Amino acid sequence: MPMNVGDSTRCVHSGLPLAKPGDPIVPGPLLSTAYHLRPEGVEPGDDGYGRPDNPTRRLLEAAIGELEGGPSLVFASGQAAITALLMTTLKPGDTVVIPSDGYYQVRLFASTTLAGMGINVIEAPTAGPYPPFAGVRLVLLESPSNPGLDLVDIGTVATMAHAEGALVAVDNTAATPLGQRPLVLGADVVVASGTKALAGHTDVLLGYVAAREQSLVDGMQRWRNLSGAIPSPFDCWLVRRSLGTLALRLRQQSANAAALVPVLRSHSLVEAVYHPSDSPFASQLNILPGLVSFELPSATHVAAFLKAAQLIAAATSFGGLHTTADRRHQWGDSVPPGFVRLSCGIEDTADLVDDTLAALDSATTLSR
Ligand SMILES: *Cc1c(COP(=O)(O)O)cnc(C)c1O
């Protein structure tokens, strides 16, 4: 592929094999768990067994690696990818900085498993302030953060962390590699849940890492093989197939969220609205995600809003074709009970605006 092509072009063409007459343009999933070996025995580079070796998985890794700009590995889920990073870069006595307002199960893993191994865990809010990085081994950032949608200046934090010898990883789940290229901005590693906008059809769980250096990837590849946290070949095939429309989907989701921001801000029932465009670092993103968070007075108001909405499903996860809303307090996020993370789908903007307004109006009839 030429170097300087646009996002849609990269999404459509990344991770496809070289053209060869008679070969399929889009190879199907290769599901076998074992491969014919040479009678003389296996040689380096041969595919032998499905846990370490699968060509469908390698095609997806080539595609994601091309989009993120570094060698990539895919995992059974975002959580499997993030824990692979943590378990291969940290050892007892090390210090790790993680977001205090980021994905809650990463915080839970840190406060239980990592802390139990004698790893020192420091939490810092995405928008800062950050602690001094002296003695820190790994700084994990999440920008935009989930669910508050705060941003951090990745380049500045990376410079400060590198000056103290720390590694910098960025959870790129909300942005996707089209929205943000952390490796270009200065990070050493990208981790992400592909379950969200990357796969985008609410039908597959997947995670990935991408790194500036092959040596970091090698450690995580060994970990993946030993822990067994591989995605199925069929899921890899589904995600590679979904990547072709990532740019299209993201554009519509992003436009829908941007259209809802003023609608939410001007409605009397809405107490606060959070959108990455509010951040001084918004230009770090090439395209804003299709997410907007907002606060209603109470959980009861959110329930009334969800009951009245016809196009907005109550669901967790985000980044899918369908618009969904999640009241994050119920999952243990430290946000008020009426806090909603809205994930805009690819519906027509006017329909979504109308439905949101009607649902807010309906919820307003509840007394406060
Ligand atoms: C969903 C999510 C994860 C975990 O991904 P899974 O695919 O559900 O394991 C990690 N980080 C962020 C920011 C997420 O939104």
Side-chain angles (χ1 to χ4, degrees), residues 60 64 68 72-87 96 98-111 113-114 123-127 138-152 154 169-177 179-180 182 187 189-210 220 224 227-232 235-236 238-239 242 250 253 257 274 276 285 288-293 315-320 324-328 330-335 339-344:
L60 176 62
I64 293 175
E68 287 286 4
S72 171
L73 280 181
V74 293
F75 287 83
S77 67
Q79 195 69 10
I82 295 167
T83 53
L85 169 77
L86 297 171
M87 295 301 278
V96 60
I98 63 167
S100 60
D101 50 354
Y103 190 64
Y104 69 118
Q105 298 211 335
V106 171
R107 293 204 308 279
L108 198 56
F109 183 81
S111 65
T113 306
L114 294 183
E123 294 194 1
T126 296
L138 173 70
V139 180
L140 174 64
L141 304 174
E142 190 180 306
S143 183
S145 62
N146 171 20
L149 307 180
D150 270 335
L151 306 187
V152 55
I154 293 171
V170 176
D171 185 326
N172 208 24
T173 302
T176 83
Q180 175 170 275
V189 188
V190 175
V191 291
S193 168
T195 310
K196 318 292 168 55
L198 190 88
H201 291 67
T202 324
D203 54 9
V204 54
L205 282 142
L206 187 111
Y208 72 86
V209 302
M220 289 186 272
R224 184 182 66 180
S227 66
I230 53 156
S232 85
D235 288 354
C236 292
L238 273 179
V239 176
S242 302
L250 208 55
Q253 291 170 333
Y274 306 92
L285 290 156
L288 301 183
L291 296 169
V292 52
S293 294
T316 191
S317 194
F318 59 88
T324 58
D326 195 13
R327 196 173 65 76
R328 291 302 305 174
Q330 68 188 317
W331 303 107
D333 279 357
S334 40
V335 291
F339 182 103
V340 177
R341 183 190 63 211
L342 190 70
S343 168
C344 296

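Here the structure is a predicted model, which means the values were calculated and not measured. Order of listing sets the numbers, starting from 1, for every ligand and every atom in it.
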Report summary line: For Phe318, the atoms of ligand 1 under 4.0 Å from one of its heavy atoms are 15 (O)
Query raised in the report: Roughly how far, to the nearest 0.5 Å, is the CG atom of Leu60 from the CG atom of Leu198?
Result: 7.5 Å
Query raised in the report: With a cut-off of 4.0 Å, which atoms of ligand 1 are near a heavy atom of Asn146?
Result: 14 (C), 15 (O)
Report task. Report yes if Gly78 has an N/O atom closer than 3.5 Å to an N/O atom of ligand 1; otherwise report no. Result -> yes
Requested in this report: Please write down residue, atom name and distance for the protein heavy atom closest to atom 15 (O) of ligand 1.
Outcome: Lys196 NZ, 2.7 Å
Report summary line: Separation between CH2 (Trp331) and CD (Gln105), nearest 0.5 Å, reads 9.5 Å
Requested in this report: Output the distance between atom OG (Ser317) and atom NZ (Lys196), rounded to the nearest 0.5 Å.
Outcome: 5.0 Å
Report summary line: The atoms of ligand 1 lying under 4.0 Å from a heavy atom of Thr173, numbered in the order shown, are 11 (N), 12 (C), 13 (C), 14 (C), 15 (O)
Query - Thr324: partners by side chain to side chain donor-acceptor pair (under 3.5 Å), with sequence neighbours left out - result: none
Requested in this report: Locate the shortest heavy-atom distance separating Ala175 from Gln180; write the atom from each residue and the value.
Outcome: CB-CB, 3.6 Å
Query - Residue and atom name of the nearest protein heavy atom (relative to atom 4 (C) of ligand 1), distance in Å to one decimal - result: Tyr103 CE2, 3.4 Å
**Report entry** Residue list, side-chain contact (heavy atoms from CB on, under 4.5 Å) with Ala210, at least two apart or on another chain
**Finding:** Glu68, Ser72, Leu183, Val190
Query - Residue Gln79 vicinity, atoms of ligand 1 by number, heavy atom under 4.0 Å - result: 4 (C), 5 (O), 6 (P), 9 (O)
Report task. Could you tell me whether the side chains of Asp326 and Thr316 share a donor-acceptor contact shorter than 3.5 Å? Result -> yes
Query raised in the report: For atom 13 (C) of ligand 1, which candidate among Thr83, Asp171, Ile82 holds the nearest heavy atom?
Result: Asp171
Query raised in the report: Just distances here: any N/O of Glu142 and N/O of ligand 1 closer than 3.5 Å?
Result: no
